[in-house]
Student: 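Below is a structure I'd like to ask you about.
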Amino acid sequence: SSDYGEANYEHDYTKYMIFCMISETALELLKVNPISKVRIYWSKGYEDYDCDNPNLFISQLKCL
């Protein structure tokens with residue numbers, strides 16, 4: 001499904017709802033490997049974003 005985003009002009013950001021499916025193999029890799037970039041696919045292509053917290057999945061995966 002598509003999400004047009006929820007714009008917050010006062011604080012200059014737009015929030016999008018996302019869903020992702022992660023295979024068991026990918027889960028195992030995320031548990032022990034820091035990430036440096038996140039790729040987000042948009043309707044007209046994709047963009048790569050630097051990850052501010054490379055250990056996010058290592059420390060938070062159990063909570064997701």
Student: Kindly write out the residues that satisfy side chain to side chain contact (heavy atoms under 4.5 Å, CB included) with P34, not counting sequence neighbours, or none if the list is empty.
Tutor: P54, N55, I58
Student: Are W42 and V38 connected, step by step, through hydrophobic side chains (Ile, Leu, Val, Met, Phe, Trp, Tyr) whose heavy atoms are closer than 4.5 Å?
Tutor: yes
Student: More than 12 heavy atoms of other residues, nucleotides or ligands under 6.0 Å from OH of Y49: is that the case?
Tutor: yes
Student: For D48, which residues count as a side chain to side chain contact (heavy atoms under 4.5 Å, CB included) partner, sequence neighbours excluded?
Tutor: K37, R39, Y46
Student: Among all residues two or more places apart in sequence or in another chain, which pass the side-chain hydrogen bond (donor to acceptor under 3.5 Å, both in side chains) test with E28?
Tutor: K31
Student: So how far is it from S59 OG to F57 CZ, rounded to the nearest 0.5 Å?
Tutor: 10.0 Å
Student: Considering only distance and modelled atom types, tabulate donor-acceptor pairs under 3.5 Å from the side chains of residues 10-24, sequence neighbours left out.
Tutor:
from	atom 1	to	atom 2	distance (Å)
Y13	OH	N8	ND2	3.2
S23	OG	A26	N	3.1

Student: Can you name the nearest heavy-atom pair linking L27 to L61, along with the distance?
Tutor: O-CD2, 3.7 Å
Student: Please list, chain by chain and in numerical order, all residues satisfying side chain to side chain contact (heavy atoms under 4.5 Å, CB included) with N33, sequence neighbours excluded.
Tutor: L29
